A.B. asks: 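Have a look at this one before I ask anything.
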Amino acid sequence: MANRYKEFKHLNLPAIEKEVLDRWEREEAFQKSVSLREGAPSFVFYEGPPSANGMPGIHHVISRTLKDLVCRYKTAKGFQVERKGGWDTHGLPVELGVEKELGITKEDIGKTISVAEYNQKCREAVLRYKDKWDDLTTQMGYWVDLKNPYITFTNEYIESLWWCLKELYKKGLLYKSVSIQPYSPAAGTGLSSHELNQPGTYKMVKDTSATVGFKVVQNEKSQFLFNAANSELQTGDLELYFLAWTTTPWTLPSNLGLTAGPDIDYVLVKTFNPYTYQPQHVILAKALLHKYFKAEGENADFSSYAEGDKVIPYNIVSQFKGRQLEGVEYEQLLPYEANSLEAIRAITPDAQPFRVLMGDFVTTEDGTGMVHTAPAFGADDYKVGKKYGIGILTLVDREGKFVDGLGEFSGRFIKDYKNQADYQDVNVDISVKLKREGRAFKVEKYEHSYPHCWRTDKPVVYYPLDAWFIKTTALKDRMVDLNKTINWKPAATGTGRFGQWLENMVDWNLSRSRYWGTPLPVWRTEDGSEEKCIGSIAELNEEIVKANQVLGGDVNKAYLHDGILDLHKPYVDEVVLVSSTGQPMRREPDLIDVWFDSGAMPYAQAHFPFENREFFAKNYPADFICEGVDQTRGWFYTLHALAAMLKESVHEVLKEDAYLGDVDKEYPGLAYKTVVSNGLVLDKNGNKMSKRLGNVVDPFKTIADFGADATRWYLITNASPWDNLKFDLEGIKEVQRKFFGTLYNTYQFFALYANVDGFAFKEAPIPVAQRPEIDQWILSSLQTLVQKVTTAFDEYEPTQAGRLIEDFVDEQLSNWYVRLCRRRFWKGEYEGDKIAAYQTLYECLETVVRLMAPISPFFADELFLNLNAVSGRFTEASVHHVLFPVADESLIDTLLEERMALAQDASSLVLSLRKKVNIKVRQPLQKILVPVLNGSMEDQLRQVENLILAEVNVKEIEYLTDTEGFIKKKIRPNFGALGKKLGPKMKAVSGALAQFGQHEIALFEKEGRYSLPVDGDFVELVLSEVEITSEDIPGWTVASKGALTVALDINITPELEQEGNAREFVNRIQKVRKDSGFELTDRILVKIGDADGLESSLIRFENYICTEILADKLEFIPHLTDGTEIEVNDKTLKVIVSKI
RNA sequence: AGAUCCGUAGCUCAGCCUGGUUAGAGCACUACACUGAUAAUGUAGGGGUCAGCAGUUCAAAUCUGCUCGGGUCUACCA
């Protein structure tokens, strides 16, 4: 055991951290922190797997700090917290990285590079920066098991995913369907939203847009429209048209419906067609009327209209809500063979197309307020089309050209996908045709932003593609209910962003047409009549053999003996299975969404249910997870959705193992109980960090420069984790200086004197009640701190915890306790009071260090071990192995804390008064006056009187009660109490009280009640409904804060002046001592020359002076010529200070 | 477009849930003081349309609605 506390030369956090890291490594501190809790209840944490194919940034440090501090805190609270690391290894970013590296595109796959080679490259690339990530993890002090992480590309992991998928399949929750997705005809591939969000994909383009008329069919449903039109004078045939607008006329042949907004106002307008000049009735949203009609044409003379007139007359015939149009039929716009009703019903047998539908997505921003609906070419169209059963027509093939059976348009490309020299825009031709037929109402070039394929630069279309879905909507209610049991931090994200998301849930599109990912384990016969979903490797191997036996020949030859070795493409695709009727079955080519990989991690990280069932049962669900808020609809959702959907499957497996607990209660279908979603890290100007802007902060450099502790502390205390953080290095510097610097100073102070006195906490603790009041106070504050910090951590409010600790260390411990107690450490013998001071300060330091350990694990451990090395109070080898402090409530004395606050305020007020009259603190003053308004205040103040007097260097306090009659008082309403009683009269009463003079106040106090005339009425007031404070003591300079007022006697008597001189003299000698490099304990001899009138002061206070400066006596030597010249209150004298 | 968070001193943030005296800290700035914790510390000062508008109320930074600005997520529209 050491006999001296380690002293530092100066504070160098990065250097300290390096040593601490070495020690942790050497002593396997992390592993021990887990193994020491063997048998304790577990606290379950899931690590959201990062993808290691990019470099980590500073934003990764914040969520990992949060994760780490919670896990450390829970360990300190006695839980066993296993933290398995993980790596997300599949997905598009990996593929893109590889393609960039090899200089290839997707089209090269299978041509210049085989799928096997390509995937091998991906496998190699995926952990490229794993070392960097591991470095960051280590350096920032994130304790997580890096040795046995789960890796999503392993066969075991994928096998668990397949199990999940098969369970879903068995429940009918996995199905194949069509969905409308971005598709690039030029590249012949679907595009992910990620690809669509690449910079530059959305471009401004000019397209031919057309507003066209759909002719209303006259029948029962539409009769009201015709009636309205008929009420006007009408000649010729009555023709009514719905107007709809499109920027993609090529979708018009595929039109099957028109969608209107139920609450939008529509009008029926009589006018002329601007191209054919024939009279027409058109229907469009009222709000958009003036996009098509010039105001001066309203009710203009129809009879004088001539072809080509600029102003077209019109009048509004009728107005109605969109909902009245529901179900109204219209004639098909561009009928051909391929889009005949027979053709439509050949695809969708009961289709009822060419009707008006209702849709929430309709706006009156642009267009006509009626949306041309072609279900194949828009997600909204598809959805509303499906709801109304209008069928679906896909009259454009995958190359982007019209199919056969569309007359003159057959075979034409809808956009110039082939860079044809003589390309004619088919959209123009369609518009021209419609113009001629009197079906076009307005044709113009329209400029808008439209997505383009990032590889070919050609416009994207929305196109129906086959996809596999998970029917999450079937379990929506369960997910919504379970979500209410999750502790969301902040709560608003759970009810808001996440809750809304659940409410508006759509089925989960799992399919991805890519190469590097988890393959969908579904095999189908060519005609789709039979399909198989495989749930394990064993099952697949069985089927492989079976297929070989039935189909014979070379089928599955490569996989017969060893079974399948890699579950990725291309190998799984080479496997052929056999149907019950002996048909070959091939795998559905899709891979699954990588979010499924991460959402299934609770099962797959344990290779559940194939292995580790016990581990799984113990580690499910998570007590706590934490990621960036951008994961709300990502990982948070997929974890939640899968847990809800797999609930029964998990129960079944656990029951197989004769699991005895209450499965419903312990595994309610929840993946996590608490989730913290942290905000983003922005640069100091509030901009998102991006490589492009060059404002990214390098976490390695930050940690190297300022230390992980300061960085972590800054990240946690500067803003709530869920608020965005404006990251500024200046802030870290401030934390370093203010918090760590202060704590370091306090420790240094302690170590300095404890080493001198040999304090090693060997004496029995002095009962707190026997220690001085100030010790009782700081210990009471300390216990209060422990309580508050514990609550804050328990509520996942680390920001609060950190700020509380900061405040305690700075305001209470350093700037009050240590400052006031300094003398106790350096003066006097090593006994009672001094030992109490050491014990108290030691306890404070030790406790603070344990409280802060979760947030700043390095410095806390360093100080803890430095303290413990001498005292040996703990047997543990690290602060991270000891239990969290528990507040000793018996030490909490609220009254004491209150009166100390009073003392602090009083001192601060006196100091400000001294400042005002320019009398330095070293000059003693005689007294301060404090008006007291009640007994308890005086009582409280008396108990801290000595502290105040010492702190402000004043001899006495005089308490003034109002019996003297010269305290000037002020009265104010107690708004809280009076507001409820008075209501509207409040203002008048408040005004009346402000007019009170001293006499009224005194009367009120004496009677205890007051009858106040207000608006000719009387309001009865009692004392508790007002606040009376002292405002002034006439003739004195006063200062006040809240209810506390102090006045200072600034008369300096000759005696006080002499004492002031003596103190000043002491101060100068101490400086000389220090300059001469004497040890603290050196005794000195002082020779004094001509003292310029100070002799009397020095002689009178010789005893005091000698004790202070450790001299035996003062020697006066007249006419001293050498020696140091010092100045004492504007008088100069020479002194010689020498060691004895 | 929808959802959500944020907007308080030059900067970083408390306070808002639960309305009530003169809206607080720290940093920075200025001045002074302190000097056996000294690469520390104290005191004082200037600095605010609490984003804006409207409403509820005796009383609004605080509650409600709208608007503006910023961020994020989701969606992508004729």
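Heavy-atom basis, side chains included; hydrogens, waters and symmetry copies ignored. All of these numbers come straight from a predicted model, not from anything done at the bench. Order of the sequence lines sets the chain letters (A, B, ...), proteins ahead of strands, with each chain counted from 1.
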A.B. asks: For Tyr753(A) and Leu725(A), find the nucleotide of RNA chain B closest to each by heavy atoms; which residue's nucleotide sits nearer the 5' end?
C.D. replies: Leu725(A)
A.B. asks: Given atom CH2 of Trp722(A) and atom C1' of rC13(B), what is their separation to the nearest angstrom?
C.D. replies: 15 Å
A.B. asks: Could you tell me which nucleotide pairs with rU22(B) by Watson-Crick or G-U wobble geometry, both distances under 3.5 Å, or answer none if nothing does?
C.D. replies: none
A.B. asks: My understanding is that only one of Arg823(A), Arg1068(A), Arg1063(A) makes a salt bridge (charged side-chain N to carboxylate O under 4.0 Å, His left out) with Glu1108(A); could you say which?
C.D. replies: Arg823(A)
A.B. asks: According to side-chain contact (heavy atoms from CB on, under 4.5 Å), who are the partners of Asp807(A), at least two apart in sequence or on a separate chain?
C.D. replies: Glu811(A)
A.B. asks: Could you pull out every donor-acceptor pair under 3.5 Å between side chains of residues 715-723 of chain A and any protein atom, sequence neighbours left out?
C.D. replies:
from, atom 1, to, atom 2, distance (Å)
Thr717(A), OG1, Trp713(A), O, 2.7

A.B. asks: Please report the distance separating the P of rA60(B) from the corresponding atom of rG19(B), rounded so that it comes out in whole Å.
C.D. replies: 13 Å
A.B. asks: Specify the separation, in whole Å, of atom CD of Gln181(A) and atom P of rC76(B).
C.D. replies: 10 Å
A.B. asks: Keeping the roles fixed (side chain from Ser209(A), backbone from Glu444(A)), state whether a donor-acceptor pair exists under 3.5 Å.
C.D. replies: yes
A.B. asks: I'd like to know if the side chain of Asp728(A) and the backbone of Gly731(A) have a donor-acceptor N/O pair within less than 3.5 Å.
C.D. replies: no
A.B. asks: Could you run through nucleotides 38-46 of chain B and give me one letter per nucleotide, 5' to 3': B if any protein heavy atom sits under 4.0 Å from the base, S if only the sugar-phosphate is that close, - if neither?
C.D. replies: -BSSSSS--
A.B. asks: Provide the Watson-Crick or G-U wobble partner of rG46(B), both distances under 3.5 Å; none if there is no partner.
C.D. replies: none
A.B. asks: Provide the distance between the two P atoms, one in rG46(B) and one in rG10(B), to the nearest whole Å.
C.D. replies: 14 Å
A.B. asks: Phe377(A) versus Val461(A): any side-chain heavy-atom pair under 4.5 Å?
C.D. replies: no
A.B. asks: Think Lys733(A) forms a cation-pi with Phe706(A), using NZ or CZ under 6.0 Å from the six-ring centre and within 45 degrees of its axis?
C.D. replies: no
A.B. asks: Which nucleotide, if any, forms a Watson-Crick or G-U wobble pair with rA61(B), using both distances under 3.5 Å?
C.D. replies: none
A.B. asks: So do the side chains of Asp810(A) and Asn815(A) get within less than 4.5 Å of each other, counting heavy atoms only?
C.D. replies: yes
A.B. asks: Going by purine N1 to pyrimidine N3 plus the second Watson-Crick contact, or the G-U wobble pair, all under 3.5 Å, which nucleotide sits opposite rU38(B)?
C.D. replies: none
A.B. asks: Starting from the 5' end of RNA chain B, give me the residue, Pro973(A) or Asp380(A), whose nearest nucleotide shows up first.
C.D. replies: Pro973(A)
A.B. asks: Regarding Asp728(A), tell me which of base, sugar-phosphate or nothing describes its non-hydrogen contacts under 4.0 Å with the strands shown.
C.D. replies: nothing
A.B. asks: Expressed as a whole number of angstroms, how long is the span from Asp723(A):CG to rG15(B):P?
C.D. replies: 10 Å
A.B. asks: Using atom C1' of each nucleotide, how far apart are rG48(B) and rA14(B) to the nearest Å?
C.D. replies: 15 Å
A.B. asks: For atom P, what is the distance between rU4(B) and rU67(B), given to the nearest Å?
C.D. replies: 14 Å
A.B. asks: Between Tyr817(A) and Thr746(A), is any pair of side-chain heavy atoms under 4.5 Å apart?
C.D. replies: no
A.B. asks: Rounded to whole angstrom units, what separation is found between the CD atom of Glu797(A) and the P atom of rC17(B)?
C.D. replies: 16 Å
A.B. asks: Would you measure the distance from the C1' atom in rU22(B) across to the matching atom in rU64(B) and give it in whole Å?
C.D. replies: 28 Å
A.B. asks: What integer number of Å spans the C1' atoms of rC50(B) and rC63(B)?
C.D. replies: 16 Å
A.B. asks: Roughly, in whole Å, what's the span from CD1 in Ile919(A) to P in rC32(B)?
C.D. replies: 18 Å
A.B. asks: Please give the distance between the P atoms of rC17(B) and rA51(B) as a whole number of Å.
C.D. replies: 15 Å
A.B. asks: Go ahead and name the base partner of rG2(B); Watson-Crick or wobble counts if both distances stay under 3.5 Å, otherwise write none.
C.D. replies: rC73(B)
A.B. asks: Heavy atoms from C-beta onward define the side chain here; which of rC13(B), rA37(B), rG26(B) lies closest to that of Glu734(A)?
C.D. replies: rG26(B)
A.B. asks: Using a cut-off of 4.0 Å on non-hydrogen atoms, how would the nucleic acid contact of Val921(A) be classed: base, sugar-phosphate, or nothing?
C.D. replies: nothing
A.B. asks: I'd like the P distance from rU62(B) over to rU49(B), given in whole Å.
C.D. replies: 16 Å
A.B. asks: Checking base pairs now: Watson-Crick or wobble, both atom distances under 3.5 Å. What partners rU56(B)?
C.D. replies: none
A.B. asks: From C-beta outward on Arg803(A), which listed nucleotide comes closest to its side chain: rU12(B), rA14(B), rC76(B)?
C.D. replies: rA14(B)
A.B. asks: Which residue in the set Tyr753(A), Tyr838(A), Phe750(A), Phe749(A) passes ring pair (Phe, Tyr, Trp, His ring centres under 6.0 Å) when paired with Tyr5(A)?
C.D. replies: Phe750(A)
A.B. asks: Any strand is fair game: report the nucleotide pairing with rC68(B) by Watson-Crick or G-U wobble, both distances under 3.5 Å, or none.
C.D. replies: rG7(B)
A.B. asks: Compare side-chain N and O positions of Tyr744(A) against OP1 and OP2 of rA37(B) and report whether any pair is under 4.0 Å apart.
C.D. replies: no
A.B. asks: Considering every strand and a 4.0 Å limit on heavy-atom distances, what is the contact class for Phe498(A): base, sugar-phosphate, or nothing?
C.D. replies: nothing
A.B. asks: To the nearest Å, how far apart are Glu806(A) CD and rC13(B) P?
C.D. replies: 13 Å
A.B. asks: Please report the distance, rounded to the nearest Å, between CZ in Phe975(A) and C1' in rU21(B).
C.D. replies: 6 Å
A.B. asks: Round to the nearest Å and state the distance from Phe636(A) atom CZ to rU72(B) atom C1'.
C.D. replies: 14 Å
